[in-house]
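Working notes for the structure below.
Both counts, for ligands and for their atoms, begin at 1 and track the order of listing. Quick caveat: nothing in here was measured; it's all calculated off a predicted structure.
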Amino acid sequence: MKYHLASGALAALSLAGTANAFWRMPCRGRTALERVDPIVDPGKISSHAHSVQGSGAFAESVTFDDLRSSNCTSCQVTQDMSAYWVPSLHFMYANGTTVLVQQDGGMLAYYLLYGDDPKAFPPGFRMLAGDPFQRNFTGLAVPDPAKPWTGKDVTQDALRLKALGFNCLHYSVNPPEGTLYRHFLPDKDFLDENCSDGLRLELMFPSCWNGKDLDSDDHKSHMAYPDQVITGDCPSGYETRLVSLLYEVIWNTQAFKGVDGQFVLSNGDPTGHGYHGDFITGWDEDFLQSAINTCTSESGEIEDCPLFNIQSEADTQLCKAEVPEALADDNCEGPNPTGICGGVQVQYGPAYATMGSSNSSATATTAPSYTGSTPLVPTLSYQTSQRSFASDKYGGGVTIEAVTGVTPAPSPTPVTTELIGTTTFTSAGAVYEVAIEEVDVYVTETATATAAAKHKRHLQRHHANRREHGLLAQ
Ligand SMILES: *[C@@H]1O[C@H](CO)[C@@H](O)[C@H](O)[C@H]1NC(C)=O
Ligand SMILES: *[C@@H]1O[C@H](CO)[C@@H](O)[C@H](O)[C@H]1NC(C)=O
Ligand SMILES: *[C@@H]1O[C@H](CO)[C@@H](O)[C@H](O)[C@H]1NC(C)=O
Ligand SMILES: *[C@@H]1O[C@H](CO)[C@@H](O)[C@H](O)[C@H]1NC(C)=O
Ligand SMILES: *[C@@H]1O[C@H](CO)[C@@H](O)[C@H](O)[C@H]1NC(C)=O
């Protein structure tokens with residue numbers, strides 16, 4: 001089979017079998033910035049601070065019903081009473097004083113509709129992604145090998161580490177970095193020099209469910225990652241595909257350009273490997289299922305889903321959770337001369353961090369102040385990558401990848417090109433092209449009719465996208 005299509009990443013050949021429908025939930029307001037974590041530390045103060053979005057009922061021992069009965073949400077779709085939270089990012093001056101880095105635009109929660117028949121979160125469902133104590137990326141290649149991943153790259157431990165993204169934002173360089181390209185916090189010099197629009201923290205949640213438990217002891221083992229992290233196949237025992245969740249939070253790291261110090265997550269992590277996040281559904285299950293079944297636009301815009309009631313961004317800012325009395329004097333926003341709120345110590349690793357998950361057992365392996373030592377992280381250059389399907393309206397953009405049912409590209413790919421020269425570069429075995437050209441690409445004969453039809457649809461999408469942005473998706 002042969003299609004005439006816009007070129008760009010030859011990764012276009014590796015799509016098939018999945019719909020790229022999604023929507024992104026803008027949660028512009030922050031309901032709280034506090035040391036509360038109702039999943040890990042129910043009923044008590046948490047060891048470290050979180051930036052919280054969603055239902056205004058967020059509290060130390062919040063239940064599904066509490067979330068649902070709140071009078072507000074900081075997300076734009078008013079039917080979404082979920083709670084979303086991640087550690088906050090802080091800047092530590094050379095003298096050890098910390099200040100909160102400003103969050104740019106709250107949070108985006110992507111609802112990606114992968115799988116044949118993705119299911120809504122059942123009432124009471126909750127989960128955690130990532131591990132606050134993790135401090136290394138030992139044994140895994142930097143950058144990631146080309147997909148599809150196999151072997152040691154598809155263990156759940158590896159997938160968990162690769163579910164974190166630290167996206168260097170530089171809007172004047174197109175196309176932007178791909179989602180989940182870099183799995184660690186870049187160092188200060190790199191951020192200063194290369195990331196003029198800040199740093200976007202990305203967190204992919206596992207989407208494969210064991211089909212029965214709403215939670216588990218570690219809040220993770222009722223869920224598993226599909227083998228390509230965002231896409232791919234679910235492991236055995238976890239065959240129920242839920243709607244896939246991905247968080248994006250942009251932090252204004254540029255505000256500290258040229259200032260001596262370092263960035264550190266609220267859990268004392270300067271490496272990024274300990275980034276994590278939590279979710280408790282606050283959706284009516286039937287409503288969410290209807291949205292999943294019918295809101296299958298590839299635009300990502302919530303406005304394209306007629307079921308959603310949408311409130312203004314200004315109204316999302318009004319929704320605030322009550323701060324527990326015990327935290328009235330907590331100083332997470334700073335300037336905090338005693339360091340990170342909660343007395344959290346900076347732990348560089350690479351050993352597993354020792355800070356307890358409850359405040360009492362907090363211990364340190366390093367001095368509280370910035371010592372000038374660089375976290376032990378791999379190096380990775382600024383790298384442009386595939387383009388999101390969606391517009392830049394929100395300053396974000398997941399690079400939708402489709403890997404399930406891959407038909408590998410014939411190598412070398414037979415293409416004929418007309419028009420416009422471009423810059424081509426190779427990363428992790430995939431070839432990306434920045435400018436525009438028309439090429440013929442051959443899809444191997446083993447592609448099924450359905451896959452081929454979907455493929456065609458994608459290509460039309462790419463054409464449309466090209467017009468919109470002047471460059472190419474995937
Ligand atoms: C929600 O209720 C609380 C009191 O329970 C009130 O302070 C707050 O203003 C209300 N928020 C909205 C957005 O109506
Ligand atoms: C630490 O440094 C910051 C930035 O220079 C300054 O604003 C703050 O006052 C200093 N704190 C102390 C305790 O010296
Ligand atoms: C947690 O530990 C810090 C530092 O040791 C202390 O200042 C703070 O009061 C403690 N918070 C609670 C709630 O125990
Ligand atoms: C890396 O982290 C793991 C925990 O995920 C830990 O078991 C291992 O010891 C760490 N590696 C090093 C070199 O400290
Ligand atoms: C900025 O990015 C370039 C290109 O990836 C890289 O070579 C350079 O080292 C980066 N700058 C810093 C200070 O890390």
All side-chain hydrogen bond (donor to acceptor under 3.5 Å, both in side chains) counterparts of Glu34, not counting sequence neighbours: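 With neighbours one apart ignored, the set is empty.
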How would you list, by chain and number, every residue that makes a side-chain hydrogen bond (donor to acceptor under 3.5 Å, both in side chains) with Tyr84, sequence neighbours excluded? Asp80, Tyr111
Do any pairs count as a disulfide (SG to SG under 2.5 Å) and have a residue in residues 205-265, sequence neighbours left out, and if so which ones?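 Residue pairs passing disulfide (SG to SG under 2.5 Å), neighbours aside: Cys208-Cys234.
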Between Asp218 and Ser221, do the side chains contain an N or O donor and an N or O acceptor separated by less than 3.5 Å? yes
Ligand 5 and Asp189, any nitrogen or oxygen pair closer than 3.5 angstrom? no
Could you tell me whether some N/O pair between Asn194 and ligand 5 is separated by less than 3.5 angstrom?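 N/O-N/O distance under 3.5 Å: yes.
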Taking the side chain as everything from C-beta on, heavy atoms only, tell me whether Trp251 gets closer than 4.5 Å to Ser88.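 Yes; the side chains approach each other to less than 4.5 Å.
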Near ligand 4, at a heavy-atom separation below 4.0 Å: residues by chain and residue number: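 Ligand 4 is contacted, at a heavy-atom distance under 4.0 Å, by Gln134, Asn136, Pro350, Ala351, Tyr352.
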Ring pair (Phe, Tyr, Trp, His ring centres under 6.0 Å) assessment of Phe279 paired with Trp85: CA-CA 7 Å; Phe279 172 74; Trp85 68 98; 8.7 Å; no
Tell me if a side-chain donor or acceptor on Lys162 pairs with a main-chain N or O of Gln228 at a distance below 3.5 Å.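 No, because the side chain of Lys162 does not come within donor-acceptor range (under 3.5 Å) of the backbone of Gln228.
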With respect to Asn95, determine whether any N or O atom, backbone or side chain, lies less than 3.5 Å from an N or O atom of ligand 2.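 Checking ligand 2 against Asn95, an N or O pair does fall under 3.5 Å apart.
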